[in-house]
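In what follows, a structure is listed as structure tokens, so that the remarks can point back to it.
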Amino acid sequence: MEPRYYDIRCVRGEITSVEIDNGVIESAGTSFFDKAVVRALGPAGWGILTLDHVDLGSRRARNDIIAAAMRLAGITEDRVDLAPAPHGVLASPPLREDPRNVDLEEKTRLLAEIESAARLPEVVNTRARYTEGIDQVRFLDSSGNEASYEIVRSGFSVLAVASRNGMMQMGSERDHISTGFNLRNKQELGRKAAETAVALLDAGLAKGGAVNAVLDPELAGVFTHEAVGHASEGDLIREGNSVLKGRIGETIGAPGLVIVDDPSLPEFGFDPVDAEGVAPGRTEIIRDGVLTAYLHSRETLASVGDGIAGHARAEHGAPPQVRMSNTFIENGDATRDEILAECRDGILLIGSRGGQVDPGRGVFQFNAEFGYLIENGETTRMVRDVSLSGEILKTLHDIALIGNDRKMHPGYCGKGGQTVPVSDGAPHLLLRNAMVGGRGS
Amino acid sequence: MKAEFLIDDIIREGERSADEVEVFFTEGRSISAEIKQSIIGTAEESRGWRIAIRTIKDGRIGVSSTGDPGRWKECLAAALASGRIATPQDWHGLPKPTNMTSTAPSSDPDLIVEPERASAFIAGLLEGAAEYPVDVAGGGADLSRSYIAIANSNGVRYGMERTYAGVSLEAIREQSTGYEFMASPFAADIDPRWVGEQAAFLASHSVGGKDIATGHYDLILSPVAAAQLIGTVLVPALSGRNVQAGRSHLAGKIGEQCADEMLSIYDDPFTRGMGSTCWDAEGVPARRLDYISDGVLQCFAYDLKTAYRYGEESTASAVRSGGEGSPSIGVHNLVVDGPRTTVDDARAIFINSVVGAHTANPFSGDFSLEISNAYWVEDGEPGDPIRTAMFAGNVFEMLTGIAGLGNDSRIVGRLIIPSIRLNNQQIIGK
């Protein structure tokens, strides 16, 4: 049987990583991959075949794999249709310095400088890791669309652990980019990680409960990603597994709140063409507090509506999923000082140790790296191990002030067993009655 | 190309430039089917192939891996180049072949990796879910069979089959969700109907949840919730590398009472679990490893590199996820054990899972996490659901004050773990 549609996406490339632990170069090297994902649409749904190394030049090989994908499609029952979408590839941002022109010895030496900068008194362990990915992507589909591009990502993370009298605390920093080599002149981030770890040895425990909370741009970015981004993904909407289902046109957030996902920005989540060959573009999920669009693949756009396709992404050798890329809250007009003053008494939450969301239940949880108590509009005592949780729909209304100092932060996002590079960001935010968790009393 | 010949070629070629060479080989095929709102939406087949090469020269370890048989020479060259940069260390050699008499139940000869088998699992899931008035949001079935081999220039040539069967279902009713899963190397262990029914029960039973006041409460962590916390915090603290590097809370505490005396925690590679094996990812013969016996810390986990570096012995604890170049220290089947009892007689809050376990502090053990599908339980009967609350605590402290281990061990990833009762724990409510 002929497929209604098929596409083949091949990613060939290299991953270089260097790991230094307490001054010891544990590993430094390059690995190679070459993976293909074949999707065929049968009378009902998708049959998907993933393989190592496919010869696209051989018509027979191509027919065989499409036939194998079609056999799989035979057991599906859910009728999938694809919305039309503009095809095309954006130009990748120019590389300021191509990491391939820097030899492994120099990469290791530069990483070692960052790692050794983290060795302050009371720091008992320092670790740094460099990761570089070169992806050469080739896409073709049965409608005659073809795309190919190369993307280079380079970055590092550094972790310091400080210890005193049996107490252990950590500080970490990271910086990843898709615009070139990213290890030069970064020692200060090693030092910053160490300073955080040492300072946390003296920090108190936060007391859990409902308080006014100020989120720094990094944590507010994670909040945007976790609490709003995931819940607006078209596949979850279609499955009925999101509290944002059926709320287009509804005011779900504070006035002035604008939340965007934009794969075309040259941030870490940049995507020159999505995993279905669609030219990506900016989607405003929330405009002035009103839910206006979801994030979509061609398939979810056809079945759910509202929004544009171009948000399908895939890890090497894995089928596309509806995913975020660069997700952020647009600037408001408050300064950081105005936000602290307006908060009056509460907590300032800084940095992120990650988070998770249950979009169906509309509940999110994430941890700050640390925080400061706010008393009378001023930051005072440092606190550690503080988390923030809440209900998406309530929390978006609880945003009382939006800052004017948006910053983007790179990271990796996991969904359905796949990890993709993303960035998220926001200005400082003031949240009224935020649920803050901590062991203090 | 037959893998055995390729492995021999790589070792022969690598030995010309390195003192020792190791090849880790994985090959497999998997089938999965995904549910889209009560019917099968997607069917997927994956065929994978990967070799990882390690070379050792003058104590310098090099690594590389590839998924393309045609690029093995490039991969070997990358491993050798990588070794030239690594810091040299004390090295006493890769393992030599051993006659292993033990067996490990890692593969089910009756497991069929075909789409029809996945369809049958899905039918079972949906049948179970129909027991409660819920919508099915997603889920699926996965089946796989893989072959893993390790070979080195000392003559080690071990190979094993691994099978995997897993099902999961997510149900939703109003704003309540329920998720359940089951996985095993053996198809007969999988009860898709139970998984569907349990997910639907959780979603359905959580409707109309009430708030709870901040305070101290008696809790029961389901095996899943217990595994989420223990996997995030305790497993890394048992790694010899973390211990020696000064980032384990348990460093220097061997022989000390680190957990409740009813608690024993051990790695049993020969039991039926997701990590069953006779040899570790470096070819060292696997063995049972008692980490905590009756609450007393006995040992830490080592791979060859860490053991040689710190004058310890490998505990055969090297693991690899997928076909990664370097092995790391981990667990095969971590069993949490002790005297069992009925834990849900006396009134307590049952916590089915926690949201964001990975944000717990792995060094200090501190956590404050949102709870999921929590409800009151008494006399074994589920009572009123709790809408939302946070559970704050410390994993290491938690382990020292266990009120009881349930009768219900199950496989959760690489852990085999019962439900755990904890009394007087801090809950942050409304």
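Quick note: numbers below take in every heavy atom, side chains included, and nothing from hydrogens, waters or symmetry partners. Chain identifiers are assigned alphabetically (A, B, ...) following the order of the sequence lines, protein sequences preceding nucleic acid strands; residue numbering begins at 1 within each chain.
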Measuring heavy-atom distances to chain B, does [X] have an atom under 4.5 Å in its side chain, in its backbone, in both, or in neither?
X	answer
A/Arg127	side chain
A/Asn22	side chain
A/Ile65	neither
A/Val436	backbone
A/Val161	side chain
A/Arg238	both
A/Val243	side chain
A/Glu26	both
A/Arg39	neither

Considering only heavy atoms, which portion of [X] lies under 4.5 Å from any heavy atom of chain A: side chain, backbone, both, or neither?
X	result
B/Ala360	backbone
B/Gln425	neither
B/Asn361	both
B/Glu74	both
B/Ala79	neither
B/Leu80	neither
B/Ser248	backbone
B/Phe367	backbone
B/Arg47	both
B/Ile172	side chain
B/Thr214	neither
B/Ile35	neither
B/Ser30	neither

Using modelled atom types only, decide if a donor and an acceptor are shared between the side chain of B/Ser64 and the backbone of A/Thr30 within a distance under 3.5 Å. yes
Has A/Arg353 got a side-chain atom pairing as donor or acceptor with B/Thr359's backbone, closer than 3.5 angstrom? yes
Counting only heavy atoms not in A/Lys394, do more than 12 sit closer than 6.0 Å to its NZ atom? yes
Decide yes or no on side chain to side chain contact (heavy atoms under 4.5 Å, CB included) for B/Thr42 and A/Glu299, but give the supporting numbers first. CA-CA 12 Å; B/Thr42 301; A/Glu299 174 185 347; 5.7 Å; no
Side chain to side chain, A/Arg12 and B/Asp68, heavy atoms closer than 4.5 Å: yes
Is the shortest heavy-atom distance from the side chain of B/Arg84 to the side chain of A/Glu105 under 4.5 Å? no
Quick check for you: among B/Arg241, B/Arg387, B/Arg309, B/Arg60, which has the greatest number of heavy-atom pairs under 4.5 Å with chain A? B/Arg241
Selection from A/Gly390, A/Gly317, A/Ser31 maximising heavy-atom pairs under 4.5 Å formed with chain B: A/Ser31
